[in-house]
A.B. asks: 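A single structure is presented below for examination.
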There are 2 protein chains.
Amino acid sequence: MAQDQQGRDTYHHGNLPEALVREGARLLAEAGAEGFSLRKLAERTGVTVAAPSHHFGSAKGLLTAIATRGFEKLDHQMDVAASSANSPSDAVIAMCIAYLRMRTTHPGYADVMFQLNLLDARDERFRASAFRAFGKLETALAAALPTSLAADQIALKAKAIWAATHGLSVLPMIDGPESERIIEAVVAAQLGGSP
Amino acid sequence: MAQDQQGRDTYHHGNLPEALVREGARLLAEAGAEGFSLRKLAERTGVTVAAPSHHFGSAKGLLTAIATRGFEKLDHQMDVAASSANSPSDAVIAMCIAYLRMRTTHPGYADVMFQLNLLDARDERFRASAFRAFGKLETALAAALPTSLAADQIALKAKAIWAATHGLSVLPMIDGPESERIIEAVVAAQLGGSP
DNA sequence: CCACCTATCTAAACAGCGTTCAGTTACCCT
DNA sequence: AGGGTAACTGAACGCTGTTTAGATAGGTGG
């Protein structure tokens, strides 16, 4: 349908929530989280300012929905990355690199995914999609570790890698290529280190 | 002086920039970054809304100043933590734990330190104070590593540890005590891992 | 086929926000 | 003692997200 993206012939939009998420991510990509506003988005989408709040409650709710979608996209990118890896440990690294590259592959979504203060991190659907992506890394990590290792030890290592990856995505002092080299070293250290 | 904290007898405040930073951190600690506003802060401090902008340019400038102060406090906490460590590697871990504990030791400052989008990360003084703290960790790490190791290898490991620490501070899925256990494992892995 | 009924969206108003600017006040230096 | 400068005031501006009552469309049961 043409009215999915913007504009409409009818009074009802057709699929406003979807259009708001998509166009919202586009606005975020263009203007950054700074330049984002509900009013700009409403105008772009061809509805009134009040329309979004009916579906998402608040601006935070909408941004949370965008971030949720972002984690679904990350989840998919992680699948793609892992499928072309040669070994279990390479799969783990490839997944982390997919995380790091979200900024360039999905700019609008990444803007809000990595700024937890902009959204409601306790939202049920958001947490579910974020945990699904994390769980995927954890599973891949388990496959790269000796089967004798206890589950909670694996979980600890997964969190260490996830935290490092997130830190590298967020901190401005480290550029892209260097981040990827660092995460390779971190993963290698976690795989080879003592129990 | 009594007018340092709030109120004043004279037309001029006396030391408004300092008062704004201190009271700003207090407001952040009470209301969070959400509830923070320049107007509330101005009222608390006993000046007009326009007064802060004369010293800090913008709200972002003020928050940047608060974050800068925060990194100075972190720097000090890292000194304290390292001084009571028994070994070079313990010193590194203690410094990271000091980082993780900023949320509880200096709530207001931490609020803005870890939300880089609220401030101007390119600010000269801010970068200097952040890099000073990071450099301190890097130096401590070098002392815990074999002297044969190349400087850029040390830098890489320092960034890995710093990123992991930051990630643990920011991500909501990991609680305090667990974060500390994880960072111990990360440091140990970086110290013991391959060159 | 029509009448309802409910979800959807509009239009307008509101309070709060950061920023700007001309003007007033106090301090410092000569 | 006087003049210049830095500090702060007071008021206005434009923009923000949220709220409310009302208009409209679409699906559903008679």
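Note: hydrogens, waters and symmetry copies are ignored here, and every other heavy atom, side chains too, is used. In what follows, chains carry the letters A, B, and so on, assigned in the order in which the sequence lines appear, proteins first and then strands, with residues in each chain numbered from 1.
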A.B. asks: Would you say B/L156 and A/E178 make side-chain contact, with heavy atoms under 4.5 Å?
C.D. replies: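 Of all side-chain heavy-atom pairs linking A/E178 with B/L156, at least one is under 4.5 Å.
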
A.B. asks: Rounded to whole Å, how long is the line connecting atom CG of A/L41 with atom P of C/dC9?
C.D. replies: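 Roughly 13 Å, once rounded to whole Å.
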
A.B. asks: Between B/E43 (CD) and D/dT9 (P), how many Å, whole number?
C.D. replies: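 Nearest whole value for this atom pair: 13 Å.
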
A.B. asks: Within this structure, what is the CG-to-C1' distance between B/L62 and C/dT19, rounded to whole angstrom?
C.D. replies: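 From B/L62 CG to C/dT19 C1': 14 Å.
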
A.B. asks: Within this structure, what is the CG-to-P distance between A/L118 and D/dG17, rounded to whole angstrom?
C.D. replies: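 Nearest whole value for this atom pair: 12 Å.
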
A.B. asks: Let's see if you get this right: which residues in residues 29-38 of chain A place a heavy atom under 4.0 Å from DNA chain C?
C.D. replies: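 Output list: empty, so none.
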
A.B. asks: Which heavy atom of A/E184 sits nearest a heavy atom of A/I97, and at what distance?
C.D. replies: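 In this case the closest contact between A/E184 and A/I97 is OE2-CD1, 4.4 Å.
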
A.B. asks: Given atom CG of B/L63 and atom C1' of C/dG18, what is their separation to the nearest angstrom?
C.D. replies: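 Distance check: B/L63 CG to C/dG18 C1' gives 12 Å.
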
A.B. asks: Under the side chain to side chain contact (heavy atoms under 4.5 Å, CB included) rule, what do A/E43 and A/R39 come out as? Steps first, then yes or no, please.
C.D. replies: CA-CA 6 Å; A/E43 195 191 14; A/R39 300 183 106 95; over 6 Å; no

A.B. asks: What nucleotide among C/dT8, D/dT16, D/dA7 has an atom nearest to a side-chain atom of B/H54?
C.D. replies: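 In terms of side-chain proximity for B/H54, the closest of C/dT8, D/dT16, D/dA7 is D/dA7.
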
A.B. asks: Can you pull out every side-chain hydrogen bond (donor to acceptor under 3.5 Å, both in side chains) where at least one residue sits in residues 95-105 of chain A? Sequence neighbours excluded, please.
C.D. replies: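 Applying side-chain hydrogen bond (donor to acceptor under 3.5 Å, both in side chains) to every pair that reaches into residues 95-105 of chain A, excluding sequence neighbours, yields A/Y99-A/H166, A/R101-A/E180.
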
A.B. asks: Quick one: label A/A50 by what it contacts on the DNA or RNA (base, sugar-phosphate, nothing), any heavy atom closer than 4.0 Å.
C.D. replies: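 Answer is base: heavy atoms of A/A50 come under 4.0 Å of a base.
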
A.B. asks: Give A/K60 one of three labels, base, sugar-phosphate or nothing, depending on what nucleic acid heavy atoms sit under 4.0 Å from its own.
C.D. replies: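 Here A/K60 touches no strand at all.
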
A.B. asks: Starting at the 5' end of DNA chain D and moving along, which residue's nearest nucleotide shows up first, B/A51 or A/V49?
C.D. replies: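 So the residue in question is B/A51.
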
A.B. asks: Please determine, for the side chain of B/R39, which listed nucleotide (C/dC17, D/dT9, C/dT10) has the closest atom?
C.D. replies: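 The listed nucleotide nearest to B/R39's side chain is C/dC17.
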
A.B. asks: Starting at atom CG of B/L16, determine the distance to atom C1' of D/dC8, rounded to an integer number of angstrom.
C.D. replies: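 From B/L16 CG to D/dC8 C1': 8 Å.
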
A.B. asks: Counting distance only, does the side-chain N/O of A/T48 pair as donor-acceptor with the main-chain N or O of A/A51 below 3.5 Å?
C.D. replies: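 It does not hold such a pair.
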
A.B. asks: I want to check something: taking the side chain as every heavy atom from C-beta on, are A/N117 and B/N117 in contact at a cut-off of under 4.5 Å?
C.D. replies: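 They are in contact (side-chain heavy atoms under 4.5 Å apart), so the answer is yes.
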
A.B. asks: Give the rounded distance in Å between these two atoms: NZ of B/K40 and C1' of C/dA15.
C.D. replies: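 Roughly 13 Å, once rounded to whole Å.
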
A.B. asks: Which listed nucleotide (D/dT18, D/dT9, D/dA7) is nearest to the side chain of B/H55?
C.D. replies: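 So the side chain of B/H55 is nearest to D/dA7.
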
A.B. asks: Please check if the distance between the ring centroids of B/F131 and B/F71 is under 6.0 Å.
C.D. replies: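 Not close enough - the centres of the two rings lie 6.0 Å or further apart.
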
